[in-house]
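Scroll down for the structure; my scribbles are underneath it.
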Amino acid sequence: MSDHAKSLEEQLSLGAEQIAQRLEVGDNLSAVREVEHFSYFARRKHADQAGELLAARGFRVEIGRRGLKTILIARRNEDVLPATVEATVRAVFATVTTNRGDYDGWGGTVATP
């Protein structure tokens with residue numbers, strides 16, 4: 001993990017804040033939508049390794065360059081209920097950090113009725 005990377009606990013806290021903000025704007029958390037998880041790697045081979053593992057878990061994976069880093073975006077259709085977000089963040093974070101990457105959070109559209 002690089003010096004500026006956030007710990008799992010920090011990522012989970014940020015996820016909880018995002019869910020609270022989503023509730024404030026009327027997001028239907030149980031609605032399935034595309035959720036994206038962002039990660040950065042110093043080396044492409046590490047991103048490729050993480051991408052293979054995430055693809056095996058049902059994620060659509062895109063790998064590219066952003067400046068001097070390799071970015072991996074893992075997308076999957078799911079709800080953003082707190083339990084789903086926590087389980088997914090834990091799994092993606094573990095896969096990314098095990099493969100020498102930095103997990104940088106998640107996002108998705110707001111689903112209103």
Side-chain angles (χ1 to χ4, degrees):
M1 196 160 51
S2 70
D3 292 340
H4 64 277
K6 292 180 175 50
S7 69
L8 175 59
E9 292 75 22
E10 290 171 310
Q11 289 293 349
L12 292 173
S13 178
L14 289 171
E17 288 175 23
Q18 185 177 161
I19 289 169
Q21 292 168 354
R22 288 171 173 276
L23 286 170
E24 286 178 14
V25 298
D27 193 342
N28 175 5
L29 301 182
S30 63
V32 174
R33 85 284 314 268
E34 183 178 75
V35 178
E36 299 176 313
H37 296 267
F38 303 91
S39 303
Y40 293 91
F41 296 81
R43 303 199 57 188
R44 171 72 186 234
K45 74 175 188 173
H46 297 139
D48 288 339
Q49 291 167 343
E52 287 177 20
L53 294 169
L54 291 168
R57 293 181 145 198
F59 288 92
R60 297 175 304 283
V61 176
E62 178 184 333
I63 298 173
R65 296 291 297 171
R66 183 159 297 162
L68 299 175
K69 296 275 189 176
T70 299
I71 184 171
L72 180 152
I73 303 170
R75 296 177 174 96
R76 188 164 69 182
N77 294 335
E78 56 193 13
D79 62 58
V80 292
L81 290 165
T84 304
V85 170
E86 181 175 343
T88 304
V89 167
R90 284 181 182 280
V92 175
F93 186 96
T95 301
V96 167
T97 56
T98 299
N99 286 282
R100 301 181 184 177
D102 293 327
Y103 179 78
D104 195 36
W106 63 275
T109 60
V110 171
T112 55

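Everything quoted here is computed from the prediction, not taken from an experiment.
- Linking ILVMFWY side-chain heavy atoms closer than 4.5 Å, directly or via other members, places V80 and F93 in a single hydrophobic cluster.
- When the side chain to side chain donor-acceptor pair (under 3.5 Å) test is applied to S13, no partner is found at least two apart in sequence or on another chain.
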Next on the checklist: Run T109 and E34 through side chain to side chain contact (heavy atoms under 4.5 Å, CB included) and show every step you take.
Outcome noted: CA-CA 7 Å; T109 60; E34 183 178 75; over 6 Å; no
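- Side-chain heavy atoms closer than 4.5 Å link hydrophobic residues (I, L, V, M, F, W, Y) into clusters, and following such links, even through other members, never connects V96 to Y40.
- Residue L81 holds its CG atom at 8.0 Å from CD1 of I19, rounded to the nearest 0.5 Å.
- A side-chain hydrogen bond (donor to acceptor under 3.5 Å, both in side chains) check over residues 14-23, counting only residues at least two apart or in different chains, returns the pairs Q18-R22, R22-D27.
- Under the 4.5 Å side-chain contact rule for hydrophobic residues, V85 and V110 do not share a cluster.
- Residues satisfying the side chain to side chain donor-acceptor pair (under 3.5 Å) criterion with R75, sequence neighbours excluded, are E36, E62.
- Cluster membership check: F38 does not share its hydrophobic cluster with L12, using side-chain heavy-atom separations under 4.5 Å among Ile, Leu, Val, Met, Phe, Trp and Tyr.
- Partner T70 forms a side-chain hydrogen bond (donor to acceptor under 3.5 Å, both in side chains) with one of K45, R65, R43, R44 and no other, that one being R65.
- Checked against salt bridge (charged side-chain N to carboxylate O under 4.0 Å, His left out), E78 has the following partners two or more places apart in sequence or in another chain: R76.
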Checklist entry - Passes side chain to side chain contact (heavy atoms under 4.5 Å, CB included), N99 versus L53? Steps please. => result CA-CA 10 Å; N99 286 282; L53 294 169; 3.6 Å; yes
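- Residues meeting the side chain to side chain donor-acceptor pair (under 3.5 Å) test with E52, sequence neighbours left out: none.
- Taking CD from E10 and OH from Y103, the interatomic distance works out to 13.5 Å, rounded to the nearest 0.5 Å.
- Residues P82 and L29 approach most closely at CD-CD1, 4.4 Å, considering heavy atoms.
- With rounding to the nearest 0.5 angstrom, the CG atom of L54 is 9.0 Å from the NE2 atom of H37.
- I63 and I73 sit in two unconnected hydrophobic clusters of ILVMFWY residues. Membership requires side-chain heavy atoms under 4.5 Å apart, directly or through other members.
- Between D104 atom CG and S39 atom OG the span is 7.5 Å, to the nearest 0.5 Å.
- Partners of V32 under the side chain to side chain contact (heavy atoms under 4.5 Å, CB included) rule, at least two apart in sequence or in another chain, are N77.
- L14 is not listed as a side-chain neighbour of W106, based on a closest heavy-atom distance of 4.5 Å or more.
- Under a cut-off of 6.0 angstrom, the local environment of CZ in R60 is crowded, with over 12 non-hydrogen atoms contributed by other residues, nucleotides or ligands.
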